[in-house]
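Inspection log for the structure reproduced underneath, given as structure tokens.
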There are 2 protein chains.
Amino acid sequence: MTNKVQAGDLLRRHGIKKTRQREAVLRILAEAEAPLSVDNIHVTLRREDNTVNLSTIYRMLEMLLEKGLVEQMHHPLGNRFTYALSAYGHSHHLTCTRCGVSTRMNGCPLASALGLLEANHNFRITGHRLEVFGECATCRVK
Amino acid sequence: MTNKVQAGDLLRRHGIKKTRQREAVLRILAEAEAPLSVDNIHVTLRREDNTVNLSTIYRMLEMLLEKGLVEQMHHPLGNRFTYALSAYGHSHHLTCTRCGVSTRMNGCPLASALGLLEANHNFRITGHRLEVFGECATCRVK
DNA sequence: TTGACTGCAAAGTGTTTGCAGCGTC
DNA sequence: GACGCTGCAAACACTTTGCAGTCAA
């Protein structure tokens with residue numbers, strides 16, 4: 001997987017001022033396998049002695065959201081939002097209700113259904129959130 | 001639509017003690033067209049001089065959730081949960097990002113895709129949440 | 001140099017919890 | 001009469017906001 005997103009590039013391309021904090025947060029998001037909460041990002045950064053204030057992370061994610069660079073979802077366990085770079089395209093996750101781990105699903109199972117939905121309900125769809133939960137293979141073995 | 005859910009019946013059938021508060025909350029849920037937040041329920045009841053404490057509503061919804069009598073979703077606007085009776089079966093909603101109104105969609109667009117998802121990811125799916133948003137017909141005209 | 005960004009602290013919002021009293025069965 | 005339910009108030013967790021100092025361009 002060519003998981004290398006150049007934080008600097010991304011910022012420049014979207015006319016966003018480059019700062020240490022922004023590069024750091026973007027890097028963490030780019031390296032993540034699963035969506036991260038604000039706290040996840042904060043803790044991860046702290047672990048590398050690269051602190052960024054919580055408010056700064058919140059403000060940054062809001063901006064990235066507006067620019068469409070990030071997707072926001074709501075973690076089914078633990079009432080909080082999580083975020084993932086949308087650079088790799090729209091995606092959804094399967095979350096295990098036992099261990100809490102999320103894994104990305106291949107493609108969007110709704111892609112084909114959206115057109116029909118729009119027509120049936122006379123509604124212009126601009127986005128959707130899907131969260132699927134259950135038991136992952138590892139937890140099921142136990 | 002046979003929208004008449006007998007609150008008393010539902011409670012008795014599931015071995016839940018009957019109280020004024022529980023009947024009231026169930027009735028409000030049964031009458032609702034769209035999912036309601038805890039605050040929605042609280043305000044609606046207050047309007048009819050039938051106050052029920054917020055904590056009571058929270059506790060009750062948690063219990064109904066465990067018994068599978070209610071579905072919980074997360075409103076895409078305004079960070080909060082909403083609830084709907086699942087007596088009519090599993091359902092999803094289209095939420096207008098302009099006026100905030102939710103309308104129920106016919107059927108579940110994922111029903112057919114879930115089996116494939118389970119197989120592809122070696123994951124036992126026990127539930128999912130889907131929220132679709134965009135612009136409703138009314139707002140689009142304006 | 002200037003406007004945008006950051007950190008800090010405080011406030012806001014939705015939700016949960018402990019406890020004493022009340023009501024249902 | 002016993003146990004579970006309710007209301008109240010306080011605590012909690014996540015998120016947002018105001019403001020003054022700092023930094024990238």
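Lettering of chains follows the sequences in order, A, B, ..., and the numbering in each one begins at 1.
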Discussion item. Pick the closest DNA chain C nucleotide for A/Ile16 and for B/Lys18 by heavy atoms, then say which residue is nearer the 5' end.
Written reply: A/Ile16
Worksheet entry | Under the salt bridge (charged side-chain N to carboxylate O under 4.0 Å, His left out) test, residues paired with A/Glu135 that sit two or more places apart | A/Arg98, B/Arg124
Worksheet item: salt bridge (charged side-chain N to carboxylate O under 4.0 Å, His left out) with A/Arg140: which residues, sequence neighbours excluded?
Response: none
Practice prompt. Give a yes/no on whether any side-chain N or O of B/Arg20 is located under 4.0 angstrom from OP1 or OP2 of C/dT24.
Written response: no
Worksheet item: Is the distance from OP1 or OP2 of D/dG7 to the nearest side-chain N or O of B/Thr56 less than 4.0 Å?
Response: yes
Fill in: With sequence neighbours excluded, residues passing side chain to side chain donor-acceptor pair (under 3.5 Å) with A/Asn53
A/Ser55
Worksheet item: Under 4.0 Å between a side-chain N/O of A/Gln21 and OP1 or OP2 of C/dG7, yes or no?
Response: yes
Worksheet item: Does B/His93 have its ring centroid less than 6.0 Å away from the ring centroid of B/His75?
Response: no
Discussion item. Heavy atoms within less than 4.0 Å of DNA chain D: which residues of residues 41-52 of chain B have one? Give them sorted by number.
Written reply: B/Thr51, B/Val52
Worksheet entry | Cationic N near anionic O, under 4.0 Å, B/Glu48 to B/Arg27 | yes
Worksheet entry | Partner set under salt bridge (charged side-chain N to carboxylate O under 4.0 Å, His left out) for A/Arg129, not counting sequence neighbours | B/Glu131
Worksheet, complete the sentence: For A/Asp9, the side-chain contact (heavy atoms from CB on, under 4.5 Å) test, sequence neighbours excluded, returns A/Gln6, A/Arg12, A/Arg13
Practice prompt. Not counting sequence neighbours, which residues clear side-chain contact (heavy atoms from CB on, under 4.5 Å) with B/Thr44? List them please.
Written response: B/Ile28
Worksheet item: When the distance from CE of B/Met60 to P of C/dT16 is rounded to whole Å, what number comes out?
Response: 15 Å
Worksheet item: Do any pairs count as a ring pair (Phe, Tyr, Trp, His ring centres under 6.0 Å) and have a residue in residues 12-60 of chain B, sequence neighbours left out, and if so which ones?
Response: none
Discussion item. When you measure from the side-chain N and O atoms of A/Asn53 to the phosphate of C/dT6, is any distance below 4.0 Å, counting only OP1 and OP2?
Written reply: no
Discussion item. Once side chain to side chain donor-acceptor pair (under 3.5 Å) is applied, do any residues pair with A/Gln21, and if so which ones, sequence neighbours excluded?
Written reply: none
Fill in: Under-4.0 Å side-chain N/O to phosphate OP1/OP2 contact, A/Arg22 with D/dA24
no
Worksheet item: Considering residues at least two apart in sequence or located in another chain, which fulfil the salt bridge (charged side-chain N to carboxylate O under 4.0 Å, His left out) criterion with B/Glu66?
Response: none
Item to complete: Would you mind building the protein contact string for nucleotides 12-18 of chain D? One character per nucleotide, 5' to 3', B for base within reach (heavy atoms under 4.0 Å), S for sugar-phosphate only, - for untouched.
Response: --SBBBB
Discussion item. Within the 4.0 Å heavy-atom criterion, would you say B/Arg12 contacts the bases, only the backbone, or no part of the nucleic acid?
Written reply: nothing
Worksheet item: For the helix from C/dT1-D/dA25 to C/dC25-D/dG1, what is the angle between the axes at its two ends, each from 5 pairs, rounded to 10°?
Response: 40°
Practice prompt. Give the nucleotide from the list C/dA4, D/dT6, D/dG4 with an atom nearest to the side chain of B/Thr19.
Written response: D/dT6
